[in-house]
Amino acid sequence: MGVLSNKIERDNLKPGDHIYSWRHAYIYSHHGIYVGEGKVIHFTQSRGKGQAIGKGTLLDRIIVSSSPPNPLDIPCPICGDQSNLDGVISSCIDCFLLGGDLYRFEYGVKRAFFLAKVRGGTCTLASSDSPQEVIHRASYLLQNGFGVYNICKKNCENFAMYCKTELVVSTIFSVGGSGQAESFVSAANVTAIVSSRLLYLSTGFGGLVTAIPVGIGTYCVNRLVSDLGVRRDVTKVPVEELVFRTGSD
């Protein structure tokens with residue numbers, strides 16, 4: 001693994017690893033916790049008709065579901081038909097990957113490394129807890145739930161990062177910290193900034209030279225300050241308390 005790619009082989013998987021796989025031509029990635037014996041616990045949204053899957057955003061329309069579909073209507077011999085499941089589920093590694101490559105999310109990285117990974121949702125400055133603690137949280141949430149899926153505030157990456165760190169954003173009691181979601185938001189903001197500066201400075205070469213560095217700088221800063229390893233408004237919340245509070249909302 002390195003700056004260019006977090007891709008790994010299955011033989012290198014260890015219980016407690018936070019893994020992910022890219023979907024839809026690298027538009028987004030699906031995340032989960034590998035718990036051993038070929039099983040992954042992950043947080044999904046349903047394909048079922050009539051079920052709320054978000055807030056009607058562009059991402060919701062792109063990410064129809066992270067639940068494993070069953071090509072040709074042939075259920076997985078290990079998992080069965082999981083196409084209509086939502087919430088926290090357990091799948092075999094093949095159903096989780098859906099034919100994609102396997103990547104491992106990195107924890108405790110340096111700031112320079114974090115910023116060099118231009119795409120969000122691949123690493124964090126936050127440190128991981130022990131594999132035993134990680135697996136306990138994932139297994140507990142498998143039995144007790146993680147609340148309602150929200151593409152921006154409570155998604156599969158948020159789930160995996162909570163299992164690894166036990167961190168939540170204390171100011172609004174949100175698991176937060178999704179680098180992938182923040183990248184989408186930051187990219188949209190940068191596009192708006194660059195467009196406005198070009199409009200103000202004219203569409204000449206000088207305006208472009210000024211706008212691009214400003215946009216890149218804004219994107220990098222937004223990604224960094226939203227990371228769980230940098231934020232000051234995060235606190236550790238035991239999984240039992242998290243489930244209790246989620247059920248009380």
Original post:
Given Val239 and Glu166, is the side-chain contact (heavy atoms from CB on, under 4.5 Å) satisfied, shown in steps?
Top reply: CA-CA 7 Å; Val239 65; Glu166 202 178 57; 5.7 Å; no
Subject >> Flag side-chain contact, heavy atom, 4.5 Å: Phe113 against Lys117 >> reply: yes
**OP:** Starting at CG of Leu98, measure out to NE2 of His30 and round the result to the nearest 0.5 Å.
**Re:** 8.0 Å
Original post:
Is the closest side-chain donor-acceptor distance between Asp233 and Ser170 under 3.5 Å?
Top reply: no
Original post:
What's the shortest heavy-atom distance between Ala126 and Asp227, and which atoms?
Top reply: N-OD2, 3.9 Å
Subject >> With Phe114 via ring pair (Phe, Tyr, Trp, His ring centres under 6.0 Å) - residues at least two apart >> reply: none
Subject >> Heavy-atom check, side chain of Leu167 versus side chain of Met161, under 4.5 Å >> reply: no
Subject >> Side chain to side chain, Val234 and Val168, heavy atoms closer than 4.5 Å >> reply: no
**OP:** Using a 4.5 Å cut-off on heavy atoms from C-beta on, say whether the side chain of Ser29 contacts that of Tyr103.
**Re:** no
Original post:
Between Arg111 and Leu125, which heavy-atom pair has the shortest distance, and what is it?
Top reply: CG-CD2, 3.3 Å
Which donor-acceptor pairs under 3.5 Å do side chains of residues 13-21 form with protein atoms, sequence neighbours excluded?
from  : atom 1 : to     : atom 2 : distance (Å)
Asp17 : OD2    : Lys14  : N      : 2.9
Asp17 : OD2    : Arg104 : NH1    : 2.8
His18 : ND1    : Tyr107 : OH     : 2.7
His18 : NE2    : His31  : ND1    : 2.8
Tyr20 : OH     : Asn6   : ND2    : 3.2
Ser21 : OG     : Asp101 : O      : 2.9

Original post:
In Å and rounded to the nearest 0.5 Å, what is the NZ to CD1 distance from Lys39 to Ile135?
Top reply: 14.5 Å
**OP:** Starting from the C-alpha separation in whole Å, work towards a yes-or-no answer on ring-ring contact (aromatic ring centres under 6.0 Å, His included) for His42 and Phe159.
**Re:** CA-CA 7 Å; His42 52 123; Phe159 167 82; 8.4 Å; no
**OP:** Would you give the length of the straight line joining atom CG of Leu102 to atom CG of Asp11, rounded to the nearest 0.5 angstrom?
**Re:** 10.5 Å
Subject >> From OG (Ser90) to CD1 (Ile41), nearest 0.5 Å >> reply: 5.5 Å
**OP:** May I ask you to decide if Tyr140's main-chain N or O and Gln143's side chain share a donor-acceptor pair within less than 3.5 Å?
**Re:** no
Original post:
Looking only at atom types and distance, does a side-chain atom of Asn158 sit under 3.5 Å from a main-chain N or O of Asn155, one as donor and one as acceptor?
Top reply: yes
**OP:** Answer whether the closest heavy-atom distance between the side chains of Phe43 and Ile89 falls below 4.5 Å.
**Re:** no
Original post:
Are Ile78 and Leu97 connected in the hydrophobic side-chain network, where two residues link if heavy atoms are under 4.5 Å apart?
Top reply: no
Original post:
Looking at side-chain heavy atoms only, is the closest gap between Val40 and Val35 below 4.5 Å?
Top reply: no
Subject >> Point-to-point distance, once rounded to the nearest 0.5 Å, from CG of Leu224 to CZ of Arg231 >> reply: 12.0 Å
Original post:
After noting the C-alpha distance and the side-chain angles of Thr44 and Tyr149, does the key distance pass the side-chain contact (heavy atoms from CB on, under 4.5 Å) rule?
Top reply: CA-CA 7 Å; Thr44 71; Tyr149 193 104; 5.6 Å; no
Original post:
Any side-chain donor paired with an acceptor under 3.5 Å for Ser128 and Lys164?
Top reply: yes
**OP:** Tell me yes or no: between the side chains of Ser91 and Gln82, is some donor less than 3.5 Å from an acceptor?
**Re:** yes
**OP:** Check whether any side-chain heavy atom of Trp22 lies under 4.5 Å from a side-chain heavy atom of Tyr28, and answer yes or no.
**Re:** no
Original post:
Is there a donor-acceptor contact under 3.5 Å from the side chain of Ser139 to the main chain of His136?
Top reply: no
Subject >> Geometric cation-pi criterion Lys154 and Phe146, 6.0 Å radius, 45° cone >> reply: yes
Original post:
How far apart are the closest heavy atoms of Cys92 and Cys79, and which atoms are they?
Top reply: N-SG, 3.0 Å
Original post:
Under 4.5 Å between any side-chain heavy atoms of Ile93 and Arg10, yes or no?
Top reply: yes
